[in-house]
2 protein chains.
Amino acid sequence: MARTAGSHSETTGPRVQEAALRLFARQGFAAVSMRQIAAEVGVQAGALYNYTPDKQSLLFDLMRGHMDALLAERAARGAGGDAVSRLEEFTRFHIRFHLARPDAVFVSYMELRNLSPENFAVIEGLRRSYEDELEGILRDGVAAGQFDVADTKIATLAVIAMLTGVTTWYREAGRLSVTEVETIYWDMVRKAVAA
Amino acid sequence: MARTAGSHSETTGPRVQEAALRLFARQGFAAVSMRQIAAEVGVQAGALYNYTPDKQSLLFDLMRGHMDALLAERAARGAGGDAVSRLEEFTRFHIRFHLARPDAVFVSYMELRNLSPENFAVIEGLRRSYEDELEGILRDGVAAGQFDVADTKIATLAVIAMLTGVTTWYREAGRLSVTEVETIYWDMVRKAVAA
DNA sequence: TGTTTAACTGAACATCCGTTCAGAAAAAAG
DNA sequence: CTTTTTTCTGAACGGATGTTCAGTTAAACA
């Protein structure tokens, strides 16, 4: 028996990606088998190879998709105003974006070492360009006398680490809304780099 | 042929732990095989079971050892002074301790999901008690009017995330000494929670 | 309608996995 | 020296792994 009723390429493809993302986030890339992903989709393992050349590409495509979405949404926001308002925009955007896709964030931060060297270089480059935007804001603020940080590169990484950490504890059912969380973190970021 | 010359329990035991820690940090728990660890030690896979009941215990023992060392060294420091000086001590200690054991930090933060539920609960409890100490400092500072944070629990997690993030970029061969890094982070932490 | 095409099955491939254990050999004890 | 004990080997266990592929079936097309 092959190809049971109601199966279509257009729905199976995305479902493979969704199942892989969810499983990779919960168990880790190396601990998830192709048969497990296939079972989640409701298909035999061999059928997955209609949608991905191999397991490694499945991971890479998820990560690149996440980074592309991050940079695309970021580029869509207007970057006007002075350094302080741009930093607030960046802070709120980062929290909102990351809290909306906890699985993709988890996979993108935890599975870097499971990428092949070439794939790793691609993801690393995308991440770098995101960090560079924040560092540019900090540098502008320092030049304008609005910020005071000893080292803009370190401050960039410190701020991003602090903001991304929100994904480890935030739960939708919790007592705080995303906007409230944004405001609490913005308060700390603003003071941390203030002149 | 068995038991080649120069093999001793006293040296093999620690060597198993060291090899496991290094490999888990570089490849991840699930991606490392017992045969790989054994090869690193220079022994056959079966011999590992003289030193650990199973692979899961190997991971758990590494994590518990790390957390025990963290709490023990923390307890050894005198916790005198006002909230500001205690926070500075905590900040500098956290950075120094974590930069000294990058592999253990990496494993302890990345492999939590590979612990059995019971083992996870143990590690989580230890981590919680470490976080509680920082939250206590923040609460005291708020009560004394020295700090101003909207939510001490969130501020605790934000500060720890920021500080632990240092392990992702710091390299011993880099341009900054550990003490310089401590000072840069302390400057940001101090301002972030300041009244 | 019949024919083509895309999607999927089910079995197979070689290889690796964690773990066990009888037996061998070196070190320690007497 | 001989005996005991500890440490390790080497083979084996059942099962899981990623990936391939000939064959089957449902959908799309003519």
Side-chain angles (χ1 to χ4, degrees), chain A residues 1-24 26-63 107 111 113-116 118-119, chain B residues 1-24 26-63 107 111 113-116 118-119:
Chain A
M1 179 178 44
R3 197 177 197 192
T4 55
S7 55
H8 301 293
S9 169
E10 286 163 21
T11 73
T12 305
R15 299 219 309 141
V16 169
Q17 300 245 7
E18 289 159 20
L21 179 62
R22 185 168 46 245
L23 288 170
F24 289 167
R26 274 153 193 60
Q27 306 176 220
F29 174 75
V32 174
S33 71
M34 296 298 271
R35 284 169 180 84
Q36 224 175 128
I37 298 169
E40 193 95 346
V41 176
V43 111
Q44 293 298 315
L48 299 180
Y49 291 84
N50 288 323
Y51 305 98
T52 183
D54 49 35
K55 196 186 175 192
Q56 164 76 205
S57 300
L58 206 43
L59 176 62
F60 176 64
D61 288 346
L62 288 173
M63 286 199 182
V107 169
E111 305 295 351
R113 63 188 164 190
N114 285 115
L115 290 174
S116 68
E118 316 89 69
N119 287 346
Chain B
M1 177 178 44
R3 196 172 198 195
T4 56
S7 56
H8 301 291
S9 169
E10 287 163 21
T11 72
T12 306
R15 299 217 310 140
V16 169
Q17 300 246 8
E18 289 160 20
L21 179 61
R22 185 168 47 245
L23 288 170
F24 288 166
R26 275 156 193 58
Q27 305 177 223
F29 174 75
V32 174
S33 71
M34 295 298 272
R35 285 171 179 82
Q36 224 174 128
I37 299 170
E40 192 96 345
V41 176
V43 110
Q44 293 298 314
L48 298 181
Y49 291 85
N50 289 323
Y51 305 98
T52 183
D54 49 35
K55 195 186 175 192
Q56 164 77 204
S57 301
L58 206 43
L59 176 63
F60 176 64
D61 289 346
L62 288 173
M63 286 198 183
V107 169
E111 305 296 351
R113 63 185 166 194
N114 285 116
L115 291 173
S116 67
E118 317 88 69
N119 287 346

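Note that these values count all heavy atoms, side chains included, but never hydrogens, waters or copies made by symmetry. In the text below, chain A, chain B and the rest are named by the order of the sequence lines, each starting its count at 1. Here the structure is a predicted model, which means the values were calculated and not measured.
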Check every atom of [options] against the side chain of [X] and return the nucleotide holding the closest atom.
{"X": "A/Y49", "options": "D/dT9, D/dG18, C/dC8", "result": "D/dG18"}
{"X": "A/N50", "options": "D/dG18, D/dC8, C/dC8", "result": "C/dC8"}
{"X": "B/S33", "options": "D/dT20, C/dC17, C/dT19", "result": "C/dC17"}
{"X": "B/Y51", "options": "C/dA7, C/dT9, D/dC8", "result": "D/dC8"}
{"X": "A/K55", "options": "C/dT19, D/dG18, D/dT9", "result": "D/dG18"}
{"X": "A/V43", "options": "C/dT9, D/dT9, D/dT7", "result": "C/dT9"}
{"X": "A/R35", "options": "D/dA12, D/dT19, D/dC8", "result": "D/dT19"}

Could you tell me whether A/V32 contacts a base, only the sugar-phosphate backbone, or nothing, with contacts defined as non-hydrogen atoms closer than 4.0 Å? sugar-phosphate
Separation of B/F29 CZ from B/N114 CG (nearest 0.5 Å): 5.5 Å
Atom [atom1] of [X] and atom [atom2] of [N]: how far apart are they, to the nearest Å?
{"X": "A/I37", "N": "D/dT17", "atom1": "CD1", "atom2": "C1'", "value": "12 Å"}
{"X": "B/L23", "N": "C/dG18", "atom1": "CG", "atom2": "P", "value": "12 Å"}
{"X": "A/Q44", "N": "D/dC21", "atom1": "CD", "atom2": "C1'", "value": "14 Å"}
{"X": "A/R15", "N": "C/dC8", "atom1": "CZ", "atom2": "C1'", "value": "14 Å"}
{"X": "A/L48", "N": "D/dT20", "atom1": "CG", "atom2": "P", "value": "12 Å"}
{"X": "B/Q36", "N": "C/dT19", "atom1": "CD", "atom2": "C1'", "value": "17 Å"}

Nearest heavy atoms of B/V43 and B/L48, plus distance in Å: CG1-CD2, 4.3 Å
B/V16 to B/V41 - nearest heavy-atom pair and separation: CA-CG2, 3.8 Å
Which side chain to side chain donor-acceptor pair (under 3.5 Å) pairs, counting each pair once, include a residue from residues 13-24 of chain B, with sequence neighbours left out? B/R22-B/E40
Report yes if at least one side-chain N or O of A/T12 is closer than 4.0 Å to OP1 or OP2 of C/dA7; otherwise report no. no
Taking for B/A47 and for A/D54 the nucleotide of DNA chain D with the nearest heavy atom, the one nearer the 5' end belongs to B/A47
Kindly indicate, with the supporting measurements, whether the criterion side-chain contact (heavy atoms from CB on, under 4.5 Å) is fulfilled by A/K55 and A/M34. CA-CA 7 Å; A/K55 196 186 175 192; A/M34 296 298 271; 3.6 Å; yes
